[in-house]
*Asks:* 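Attaching a single structure in structure tokens format; questions to follow.
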Amino acid sequence: MEATLVLLDGDGIGPEVLREARKVLDTVAQTFGHTFTYDHRLIGGCAIDQRGTSLPPDTVEAAQAADAVLLGAVGGPKWDDPRAPDRPERGILGIRKALGLFANLRPVHLHPHLVQASTLKPQVLEGVDLLVVRELTGGIYFGPRQEAGDAGQEAYDTMLYTRPEIERVVRLAADAAMGRRRRLASVDKANVLASSRLWRRVATEVLAEYPDLEVEHVLVDAMAMHLIRRPGDFDVIVAGNLFGDILTDEAAMLAGSMGMLPSASLGDSPNRHGHPRGLYEPIHGSAPDIAGQGIANPLAAVLSAALLLRYSLGLEQEAQAVEQAVAQVLDEGVRTPDIAHTGTETVTTQVMGDLVVQALRASAPAPSQMP
Ligand code: IPM
Ligand code: MG
């Protein structure tokens, strides 16, 4: 297969982790006989510095023309001035909106050997295998707002949802649940928020079409508690933009480290292979405190590349090969500092990437067996 992939390094550890993800994609291309062409573009703080905007128009155009987009991370203290007219985060919100990526899939698996890396007790973590589907282009992130400015004493954001916005993301989550353990929890704050009451009403209607799904509606505050008390009870969780943002940082702790969690943002528009044109990114941020030290965990970026292979290119076998290569290096005890016990040996970002590549090569099918 031939595919064009836009790579958006972004800021902080973004370029470091994407370098490793690209090495893994190159290895997939070599061993499975594909051709991936990369198109590097700017987004976030580096784009503000070099181009005067967090989302240059050519970045959006390239992403719209590509088969998929892989993103590192954006942001950093350099661009944190609240009075600045543009912010790195605007770039990421802008590209999600421009590409119509309304559903953000955040799978949470706990590798058995990383149980100790989690702050939670091993018995709480038993059976954790979640897929959080976060609505990504609506809600309070995009509703009408008023900035207070320097002198102002009042500011507001608006959590606004429309029926079609709720319908499509709930349907996508329900379809995903049908292919998994057939359980879906829809998250809202219907006891207080009008937008949540609409969410619950529309979700209830949509989910009536899925008689085989076990459905529950859970208030977001209760879900925050359940996630660290009995996370193994949940399968697919669907939530609005802000609730999904918050709950997925919490859920990342179930996987041991933010450095382990990939994400896929999908919409309706297909690429030239007939698959959704997605944006794939680790859920961790740009981690300016460790940027440039070569110690960032590249596995979330590598696993995001695996999701890209699966959803945007339809390369399931290749996606699984990458996921297995990651599992294998973890089985072998290879650790970046974020997932290591204190006092144990750790590897650099680059060595972690090299070892995943090695494991992938060793597991790849012989050329004659290639599909
Ligand atoms: C995420 C991040 C972003 C968000 C930031 C960087 C704008 O926290 O992807 O979860 O809030 O959506
Ligand atoms: Mg977040």
Side-chain angles (χ1 to χ4, degrees), residues 8-15 17-18 21 42-48 53-55 59-60 63 69-82 84 86-108 130-143 145 147 157-159 161 165 169 187 220 223-224 227 237-255 257-267 278-289 291 296-297 300-301 303-304 307-308:
L8 306 175
D9 280 359
D11 312 312
I13 61 170
V17 297
L18 269 212
L42 294 170
I43 195 167
C46 60
I48 295 178
T53 167
S54 58
L55 188 59
T59 298
V60 176
V69 183
L70 188 62
L71 183 141
V74 300
K78 181 177 176 194
W79 305 283
D80 260 354
D81 181 353
D86 196 359
R87 302 172 59 84
E89 291 77 9
R90 264 196 55 213
I92 205 162
L93 299 182
I95 198 162
R96 288 170 179 169
K97 194 76 173 174
L99 296 179
L101 306 172
F102 64 84
N104 180 220
L105 277 55
R106 298 187 164 184
V108 182
L130 291 170
L131 175 66
V132 184
V133 179
R134 167 188 174 195
E135 199 290 324
L136 203 59
T137 50
I140 197 164
Y141 271 60
F142 292 94
R145 69 192 51 199
E147 289 278 355
D157 301 278
T158 316
M159 192 181 290
Y161 268 118
E165 284 174 329
V169 75
V187 173
V220 63
M223 184 52 104
L227 266 184
I237 297 173
V238 62
N241 208 340
L242 179 63
F243 297 158
D245 177 48
I246 297 167
L247 291 177
T248 47
D249 267 29
E250 189 189 12
M253 289 299 97
L254 305 172
S257 163
M258 290 273 272
M260 293 301 303
L261 247 70
S263 86
S265 302
L266 305 175
L279 171 84
Y280 300 83
E281 54 176 314
I283 87 147
H284 63 67
S286 58
D289 51 322
N297 184 349
L303 291 168
S304 298
L307 294 181
L308 182 158

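Worth saying up front: this structure is predicted, and the values here are computed from it rather than measured. Counting starts at 1 for both ligands and their atoms, following the listed order. Quick note: numbers below take in every heavy atom, side chains included, and nothing from hydrogens, waters or symmetry partners.
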*Asks:* To the nearest 0.5 angstrom, please state how far the CG atom of L93 sits from the CG atom of L136.
*Replies:* 8.0 Å
*Asks:* Using heavy atoms and a 4.0 Å limit, tell me yes or no: is D245 in contact with ligand 1?
*Replies:*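 Heavy atoms of D245 do come under 4.0 Å of ligand 1.
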*Asks:* Measure the distance from atom 4 (C) of ligand 1 to every protein heavy atom, then report the residue, atom name and distance (to 0.1 Å) of the closest one.
*Replies:*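 Scanning the protein heavy atoms, the shortest distance from atom 4 (C) of ligand 1 goes to Y141 OH, 3.5 Å.
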*Asks:* Can you tell whether the side chains of R87 and D81 come within less than 4.0 Å, N to carboxylate O?
*Replies:* no
*Asks:* Can you tell me how far CD of E165 sits from CD of E135, rounded to the nearest 0.5 angstrom?
*Replies:* 5.5 Å
*Asks:* What is the name of the N/O/S atom of D245 that is nearest to the Mg ion (ligand 2)?
*Replies:*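 Closest to the Mg ion (ligand 2) among those atoms: OD1.
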*Asks:* Considering non-hydrogen atoms of the protein only, which is the closest contact for atom 6 (C) of ligand 1, and what is the distance?
*Replies:*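 Scanning the protein heavy atoms, the shortest distance from atom 6 (C) of ligand 1 goes to E89 CG, 3.9 Å.
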*Asks:* Could you tell me the separation between the CG atom of L101 and the CG atom of L266, rounded to the nearest 0.5 Å?
*Replies:*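 CG of L266 is found 7.5 Å from CG of L101.
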*Asks:* Of the protein's non-hydrogen atoms, which lies at the shortest distance from atom 9 (O) of ligand 1, and what is that distance?
*Replies:* R96 NH2, 2.8 Å
*Asks:* Of the non-hydrogen atoms in D11 and P88, which two are nearest, and what is the gap between them?
*Replies:* OD2-CB, 4.0 Å
*Asks:* Would you kindly specify which portion of R106 sits under 4.0 Å from ligand 1, judged on non-hydrogen atoms: side chain, backbone, both or neither?
*Replies:* side chain
*Asks:* Examine the proximity of ligand 1 to R87 and report which part, side chain or backbone, both or neither, has a heavy atom under 4.0 Å away.
*Replies:*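 Answer for R87: neither.
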*Asks:* Answer side chain, backbone, both or neither: which part of R134 comes under 4.0 Å from ligand 1, heavy atoms only.
*Replies:*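 R134 to ligand 1: side-chain contact only, backbone stays beyond 4.0 Å.
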*Asks:* Going by atom types only, do R90 and S54 share a side-chain donor-acceptor pair under 3.5 Å?
*Replies:* no
